[in-house]
Amino acid sequence: MINKKFFITIFSLVSLIVTLSTISPNTVLAAERNDLSSAMNRSQIPINRPLSMSGMDENGVRQGFVNVGPFANWDYAYLRLNNNSNRFIFERGSSNTRFRIRVQSPNWRNFDYFNISNRGYVYLDRRENAREFTVQAQDNGGFKIFTANNGQEVGIFRWAGSYYLTIGSGTIPMNWLIF
């Protein structure tokens with residue numbers, strides 16, 4: 001009977017040690033994430049100023065610059081490896097933590113604001129249809145972009161040899177930089 005109690009105690013301790021060893025010291029708790037989110041506010045995103053945007057993967061490797069280009073009579077946002085010629089303007093949204101993103105040089109006049117297609121792709125639309133976004137600061141100096149209405153993260157999706165900005169299923173998370 002003592003051997004059985006001893007075995008159970010040893011087994012429990014080993015299980016606890018294994019569980020604790022799998023928790024990364026870089027694990028961010030939900031409360032810490034909320035602190036990061038509230039720390040990045042409008043004063044840290046330059047408003048109404050043309051900026052370049054770049055995407056980095058979760059390992060800090062730059063994946064390309066955000067650009068827009070025509071496909072099927074619409075401009076879609078995608079990553080381009082060596083060209084940061086497009087400029088993006090963060091405009092005030094409907095609240096203190098929301099933004100609209102406008103492209104400085106779209107291919108079609110008055111179709112210059114980020115919106116999300118039914119399939120989750122970021123494309124350019126008229127101002128009245130512009131999607132609002134929120135941002136969340138990251139430890140690497142970049143930020144995450146989320147749709148304001150449902151909190152889906154904007155990342156990238158590979159299709160037809162390009163990486164398009166998307167939300168939803170299959171989207172690869174990205175950290176974004178502005179400069």
Side-chain angles (χ1 to χ4, degrees), residues 33-34 36-38 40-58 62-138 141-179:
R33 256 196 310 270
N34 290 337
L36 288 172
S37 179
S38 62
M40 177 161 252
N41 58 35
R42 181 168 272 120
S43 65
Q44 293 169 300
I45 296 285
I47 301 295
N48 297 327
R49 189 175 126 211
L51 304 162
S52 292
M53 282 179 58
S54 178
M56 291 187 317
D57 67 17
E58 303 233 321
R62 184 173 298 212
Q63 297 298 306
F65 298 97
V66 179
N67 279 275
V68 295
F71 179 78
N73 294 324
W74 292 94
D75 271 337
Y76 284 86
Y78 67 98
L79 291 185
R80 192 169 185 176
L81 195 55
N82 296 320
N83 186 334
N84 67 340
S85 60
N86 281 106
R87 300 288 185 257
F88 302 87
I89 300 167
F90 285 75
E91 295 183 351
R92 296 186 196 290
S94 62
S95 76
N96 201 28
T97 59
R98 292 176 173 221
F99 303 91
R100 284 186 302 271
I101 302 173
R102 181 169 56 93
V103 176
Q104 192 173 26
S105 302
N107 288 301
W108 287 278
R109 186 178 173 174
N110 296 324
F111 287 82
D112 51 357
Y113 284 87
F114 276 21
N115 197 354
I116 307 290
S117 74
N118 291 336
R119 296 187 68 159
Y121 290 88
V122 174
Y123 73 100
L124 299 186
D125 205 338
R126 295 182 180 273
R127 185 178 199 278
E128 59 268 18
N129 298 324
R131 187 68 59 113
E132 289 190 341
F133 299 92
T134 61
V135 296
Q136 182 184 71
Q138 300 297 297
F143 57 95
K144 299 275 189 182
I145 301 175
F146 299 91
T147 57
N149 64 326
N150 62 13
Q152 288 188 292
E153 182 177 349
V154 175
I156 58 172
F157 181 79
R158 185 172 173 83
W159 185 77
S162 295
Y163 286 99
Y164 289 88
L165 274 64
T166 60
I167 64 169
S169 179
T171 295
I172 301 167
M174 295 294 289
N175 292 309
W176 302 101
L177 300 171
I178 52 176
F179 51 96

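Note that this is a predicted model, so its numbers are computed, not measured.
Shown here for R100 and A130, the closest heavy-atom pair between the two residues is CD-CB, 3.6 Å. For the pair V66 and A77, the tightest heavy-atom approach, listed with the atom from each and the gap, is CG1-CB, 4.5 Å. The nearest pair of heavy atoms linking G64 to S54 is O-OG, 3.3 Å. For the residue pair G155 and M174, the shortest heavy atom distance occurs at CA-CG, 4.0 Å. Nearest heavy-atom pair, V68 versus Y78, reported as atom, atom and distance to 0.1 Å: C-CE2, 3.5 Å. Across all non-hydrogen atoms, the minimal contact from N86 to S105 is ND2-O, 3.8 Å.
At least one donor-acceptor pair under 3.5 Å links the side chain of E132 to the backbone N or O of S94. A donor-acceptor pair is defined here as one N or O able to donate and one able to accept, closer than 3.5 Å; such a pair exists between the side chain of N115 and the backbone of N129. Without hydrogens or angle criteria, T147 side chain to N149 main chain gives no donor-acceptor distance under 3.5 Å.
Looking only at side-chain heavy atoms (C-beta outward), Y121 and W74 stay at 4.5 Å or farther from each other. Within the 4.5 Å cutoff, the side chain of N175 has heavy atoms near those of the K144 side chain. You'll find the side chain of L124 stays beyond 4.5 Å of the side chain of Y113, heavy atoms only. Side-chain contact check for V122 versus Y164: every heavy-atom pair is 4.5 Å or farther apart. Between I167 and F146, every side-chain heavy-atom pair lies at or beyond the 4.5 Å cut-off. Side-chain contact between E91 and R127: present, with at least one pair of heavy atoms (C-beta onward) separated by less than 4.5 Å. The side-chain heavy atoms of I145 and F99, taken from C-beta on, include no pair separated by under 4.5 Å. The side-chain heavy atoms of D75 and F111, taken from C-beta on, include no pair separated by under 4.5 Å.
Annotation: the span from F157 atom CZ to S169 atom OG amounts to 8.0 Å, rounded to 0.5 Å. Distance check: D57 CG to Q63 CD gives 4.5 Å after rounding to the nearest 0.5 Å. Taken from CZ in F114 to CG in D125, the straight-line distance is 12.5 Å, to the nearest 0.5 Å. In this structure, CD1 in I172 is found 9.0 Å from CZ in R158, a value given to the nearest 0.5 Å. Rounded to the nearest 0.5 Å, atoms OG1 (T166) and CD (E153) are 10.0 Å apart. In this structure, T171 OG1 and L165 CG are separated by 9.0 Å, a value rounded to the nearest 0.5 Å.
Between W176 and F88, a ring centre-to-centre spacing not shorter than 6.0 Å is recorded.
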Are I178 and F90 close enough, and set up right, to give a side-chain contact (heavy atoms from CB on, under 4.5 Å), and what steps lead you there? CA-CA 10 Å; I178 52 176; F90 285 75; 4.0 Å; yes
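Taking the six-membered ring where tryptophan is involved, the planes of Y76 and Y123 are tilted, since the angle between them lies from 30° to 60°.
When only modelled atom types and interatomic distance are considered, R98 and T134 share no side-chain donor-acceptor pair under 3.5 Å.
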